[in-house]
Q: 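This is the structure I have questions about; it appears just below.
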Amino acid sequence: MYILTLFPGMFPPVFNTSIIKRAQEQDLVRIRTVDIRGFAKDAHKTVDDYPYGGGPGMVLKPEPVYEAVDWIKQELGREPFVVLLTPQGRRFSAGLARQLAQKPDLVLIAGHYEGFDERIRCLAHMEVSVGDYVLTGGELAAMVVLDASIRFVPGVLGDKESALQDSFSDGLLEGPQYTRPAEFRGMKVPEILLAGRHEDISRWRRKEAIRRTLKRRPDLLETACLTFEDRCLLEQVIDEEKASEARGDNCGHHKTN
Ligand code: ADE
């Protein structure tokens, strides 16, 4: 995986930490940052220029970005999948992270400054946005895309950390989790988790994942993969929530949102 950026120094602190660091040490992924400025041709290493037609701000020039991608292609000896980070791109999601994790060679282009020359778009196989807001540059977006995608590379997460248990992996949010102590400042861990009956615990976890999704992201339930048993749990949760609302409960010890 290559990241084209004007700020290569932003990446090592993030990628030389924790799970991504371990993945690189195990040779499961290789991350290289490529400094776009290194491909500027003039003595001043110019990477941006004034916009044609006037207007505020500077625009990232096409030449150094094209040169950098050519250099990567030469180094690889094959065509990489090129992703351009921009708020105008396709909205990033767990599904897209999983797709990108399958690409043998990925290049992420992080634009900075106020914008980039439109011809840079022609380099990209896909444009990706990490959300409906504007960041000061594509670097943080590239980190998000890389981090979420790497979690889907086989072997990167241990069985216990498996991405398949994450929120969104089956279209549901993850339910609540607890560790010791069993009671903290008056807030108790649900009895069922302490009793140690594994079947009951799995069913409870599934049900609470459904409850959390219903309460926080009901839109996800429309596309989630729900089994017949999940649908029964959903019915139960709907009934329980209605009853709880009628009683005027303030549910459990957590805010709902
Ligand atoms: N660059 C600036 N804002 C961005 C966003 N929301 N997504 C991807 N790239 C960006």
Q: Using side-chain heavy atoms (C-beta onward) and a distance below 4.5 Å, is Leu193 in contact with Ile201?
A: yes
Q: Hey, are Glu25 and Arg22 close enough for a salt bridge, meaning a charged N less than 4.0 Å from a carboxylate O?
A: no
Q: Please round to the nearest 0.5 Å and tell me the distance separating atom CG of Leu135 and atom CG of Leu85.
A: 9.0 Å
Q: Who are the side chain to side chain donor-acceptor pair (under 3.5 Å) partners of Glu240, not counting sequence neighbours?
A: Lys207, Arg211
Q: Check residues 68-82 and write down every donor-acceptor pair under 3.5 Å in which the side-chain atom is one partner and the other belongs to a residue at least two apart or another chain.
A:
unit_1, atom_1, unit_2, atom_2, d
Glu75, OE1, Tyr2, OH, 2.7
Glu75, OE1, Arg32, NH1, 2.7
Glu75, OE2, Arg32, NH1, 3.1
Arg78, NE, Asp105, OD2, 2.5
Arg78, NH2, Asp105, OD1, 3.3
Arg78, NH2, Asp105, OD2, 3.1

Q: What's the verdict on side-chain contact (heavy atoms from CB on, under 4.5 Å) for Leu146 and Phe11, showing C-alpha distance, side-chain angles and the deciding distance?
A: CA-CA 11 Å; Leu146 223 67; Phe11 293 88; over 6 Å; no
Q: Given Thr46 and Lys61, is the side-chain contact (heavy atoms from CB on, under 4.5 Å) satisfied, shown in steps?
A: CA-CA 8 Å; Thr46 310; Lys61 290 163 70 61; 4.2 Å; yes
Q: Are Met58 and Val134 connected into the same hydrophobic cluster when the rule is that any two of I, L, V, M, F, W, Y join if their side-chain heavy atoms are below 4.5 Å apart?
A: no
Q: Give the minimum heavy-atom separation between Tyr66 and Cys122, together with the two atoms involved.
A: OH-CB, 3.4 Å
Q: In plain terms, say whether Lys215 and Glu241 are close enough for a salt bridge, that is, a side-chain N and a carboxylate O under 4.0 Å apart.
A: yes
Q: Please test Phe92 against Leu100 for side-chain contact (heavy atoms from CB on, under 4.5 Å), starting from the C-alpha separation and ending with a verdict.
A: CA-CA 10 Å; Phe92 192 54; Leu100 294 179; 4.2 Å; yes
Q: I'd like to know whether NZ of Lys21 has more than 12 heavy-atom contacts from other residues, nucleotides or ligands below 6.0 angstrom.
A: no
Q: Kindly compute the distance separating NE2 (His125) from CG (Leu84), expressed to the nearest 0.5 Å.
A: 12.0 Å
Q: Determine the minimum heavy-atom distance between Leu60 and Ile120, stating which atoms define it.
A: O-CD1, 3.8 Å
Q: Does Val128 share a hydrophobic cluster with Tyr133, counting links as ILVMFWY side-chain heavy atoms below 4.5 Å and allowing steps through other members?
A: yes
Q: Are side-chain heavy atoms of Ile3 and Phe15 found at a separation under 4.5 Å?
A: yes
Q: If you count heavy atoms of other groups shown closer than 6.0 angstrom to CD of Glu245, is the number above 12?
A: no
Q: Can you name the closest pair of heavy atoms from Pro51 and Pro56 and give their distance?
A: CG-O, 4.2 Å
Q: More than 12 heavy atoms of other residues, nucleotides or ligands under 6.0 Å from CD of Glu199: yes or no?
A: no
Q: For atom CZ of Arg121, is the number of surrounding heavy atoms from other residues, nucleotides or ligands below 6.0 Å larger than 12?
A: yes
Q: Strictly by salt bridge (charged side-chain N to carboxylate O under 4.0 Å, His left out), give each pair with a member in residues 130-149 just once, sequence neighbours left out.
A: Arg91-Asp132
Q: Tracing side-chain links under 4.5 Å among I, L, V, M, F, W and Y, which residues wind up in one group with Phe228?
A: none
Q: Tell me if a side-chain donor or acceptor on Thr213 pairs with a main-chain N or O of Leu173 at a distance below 3.5 Å.
A: yes
Q: How long is the span from the NZ atom in Lys103 to the OG atom in Ser149, to the nearest 0.5 Å?
A: 11.0 Å
Q: How close do Ala110 and Gly138 get, heavy atom to heavy atom, and via which atoms?
A: CB-C, 3.5 Å
Q: Before accepting this row, confirm whether a basic side-chain N of the pair Arg247/Asp249 lies closer than 4.0 Å to the acidic partner's carboxylate O.
A: yes
Q: Not counting sequence neighbours, list each pair that qualifies as a ring pair (Phe, Tyr, Trp, His ring centres under 6.0 Å) and has a residue in residues 192-219.
A: none
Q: Would Asp49 and Val59 count as a side-chain contact (heavy atoms from CB on, under 4.5 Å) if you check the C-alpha gap in whole Å, the side-chain angles of each, and the deciding distance to 0.1 Å?
A: CA-CA 5 Å; Asp49 208 338; Val59 175; over 6 Å; no
Q: Checking Ser129 side chain against Gly131 main chain: does a donor-acceptor pair fall under 3.5 Å?
A: yes
Q: Would you mind reporting whether Asp117 and Val65 have side-chain heavy atoms less than 4.5 Å apart?
A: no
Q: As an exercise, state the distance from CD1 of Ile109 to CG of Leu123, rounded to the nearest 0.5 Å.
A: 5.0 Å
Q: Rounded to the nearest 0.5 Å, what's the gap from CD on Glu63 to CZ on Phe39? Could you check?
A: 14.0 Å
Q: With salt bridge (charged side-chain N to carboxylate O under 4.0 Å, His left out) as the test, would you mind laying out the steps for Lys41 and Glu67 before giving the verdict?
A: CA-CA 10 Å; Lys41 284 277 185 291; Glu67 296 271 340; 3.2 Å; yes
Q: Through direct or indirect side-chain contacts below 4.5 angstrom among Ile, Leu, Val, Met, Phe, Trp and Tyr, which residues connect to Val237?
A: Leu172, Ile210, Leu214, Leu221, Leu226, Leu233, Leu234, Ile238
Q: So, for Ala23 and Ile150, which heavy atoms are closest and what is the spacing to 0.1 Å?
A: CB-CG2, 4.4 Å
Q: To the nearest 0.5 Å, what is the distance between CG on Leu96 and CZ on Arg98?
A: 12.0 Å
Q: Side-chain contact, heavy-atom cut-off 4.5 Å: Thr5 with Pro8?
A: yes
